[in-house]
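First comes the structure, then the notes that go with it.
All ligand and atom numbering here is 1-based and tracks the order in the structure. We're numbering straight along the sequence, starting at 1.
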Amino acid sequence: MSVHMDQLSWVDYERRVGEGVVVFLPCGATEQHGPHLPLGTDALLASAISAEVAMRVGGLVAPALSYGYKSQPKCGGGQHFCGTTSLDGATLSALVRDAVREFHRHGVRRLVLVLGHYENQWFVAEGIQLALRDLGPDAGLEVMRLEHWDFCREQTLTDVFPDGFPGFALEHAAVIETSLMLHFHPQLVALEKIPDDASADFPPYDMYPTRTEWVPPSGVLSSAKGSSAEKGQRLADDIVEGIAAAVCKEFAL
Ligand code: ZN
Ligand code: MN
């Protein structure tokens, strides 16, 4: 039987919920990822990772929230790219709040929000906290929130970045996301279109309106040149194993 909620009938879904299933809700974005990766990269990766973890722990994956909070120049390239389609923070929080309340109404008591878009984190946290406040202290619902890249092991990052790890913020459309896409969705990666831009060099402050000249014109914040499916496999192993272990620990599976 599928791990994807939207491929089940409500009757089969209700039965799984009754058995105490863990539900994974991927939270992505529709955002430029350079000329070589698709606009849906953040949601595609969060969904693929959620599906692998769900297979290991007997969970279900809900349809992804495929729009995210506004792309920021230093971690997503910014809002000036065609195709980047973003929500106001309050809209994203409201979306998460409504979704969490609905899963609770179904009877779900263990929910994991898997974030694939850096900018989402505090607005998703806000939505979870508002939903739990709405539901009250006896709701019995526990929610885990995570960013998938935080499960990459130190040794893996050392091996994947022999010239030094540039940090997760600059990793937008770079080696980690490109390698993970080569692992999960190779047919959606155009390796020959990886740009030669130098890494972005941002000052330690932000400016509004965005100084678009700070952002590489390709939208890639550090080089994706060293990407490979093998690196993607290693990163995916760390991430899937790490999330599965955290879910088993916190939900006593
Ligand atoms: Zn991304
Ligand atoms: Mn993103």
Side-chain angles (χ1 to χ4, degrees), residues 25-51 64-89 91-93 95-96 113-125 127 145-152 157 160-161 165-186 188-191 193-195 197 199-200 202 206 210 212 214-227 231-232 235-236 238-239 243:
L25 176 58
C27 302
T30 300
E31 178 187 42
Q32 71 78 21
H33 275 75
H36 64 295
L37 292 178
L39 290 159
T41 292
D42 290 349
L44 287 166
L45 289 179
S47 297
I49 289 163
S50 295
L65 303 184
S66 296
Y67 297 90
Y69 179 63
K70 297 181 187 77
S71 184
Q72 299 298 301
K74 289 177 179 175
C75 49
Q79 283 294 116
H80 55 292
F81 288 89
C82 189
T84 295
T85 311
S86 306
L87 304 175
D88 288 351
T91 310
L92 177 59
S93 296
L95 193 59
V96 170
L113 278 72
V114 178
L115 276 63
H117 177 60
Y118 200 84
E119 290 87 333
N120 279 350
Q121 53 185 321
W122 302 126
F123 298 103
V124 168
R145 183 192 63 80
L146 59 91
E147 277 88 41
H148 64 71
W149 48 83
D150 284 335
F151 291 83
C152 298
L157 293 175
V160 166
F161 296 97
F165 177 49
F168 289 119
L170 283 188
E171 262 302 302
H172 179 74
V175 171
I176 291 179
E177 286 187 314
T178 304
S179 297
L180 285 170
M181 284 297 282
L182 284 168
H183 173 66
F184 286 114
H185 294 290
L188 298 180
V189 183
L191 273 182
K193 292 185 182 158
I194 290 179
D197 294 349
S199 281
F202 295 112
D206 296 317
T210 298
T212 55
W214 291 356
V215 180
S218 67
V220 179
L221 300 185
S222 63
S223 180
K225 288 281 186 197
S227 306
K231 289 181 179 179
L235 293 160
D238 281 11
I239 292 167
I243 295 174

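- Note: His185 NE2 to Ser47 OG = 7.5 Å, rounded to the nearest 0.5 Å.
- For Asp42, the N, O or S atom with the smallest separation from the Zn ion (ligand 1) is OD1.
- Between the NE2 atom in His36 and the CG atom in Leu191 there is a gap of 8.0 Å [rounded to 0.5 Å].
- Using the six-membered ring where Trp is involved, Phe165 and Phe161 have ring planes that are tilted, between 30° and 60° apart.
- Looking only at atom types and distance, the side chain of Gln79 has no donor-acceptor partner in the side chain of Thr210 under 3.5 Å away.
- For the Mn ion (ligand 2), the nearby protein N/O/S atoms, meaning those under 2.8 Å, are Glu31 OE1, Asp42 OD2, His117 ND1.
- When each of Pro216, Pro35, Ser223 is tested with Pro195 by the rule side chain to side chain contact (heavy atoms under 4.5 Å, CB included), just one qualifies, namely Pro35.
- Applying the side chain to side chain donor-acceptor pair (under 3.5 Å) criterion to Ser218, with sequence neighbours excluded, gives Asp197.
- The name of the N, O or S atom in His33 nearest to the Zn ion (ligand 1) is NE2.
- The Zn ion (ligand 1) sits nearest to atom OE2 when only the N, O or S atoms of Glu177 are considered.
- Side-chain contact annotation: Thr84 with Gln32, donor-acceptor N/O pair under 3.5 Å absent.
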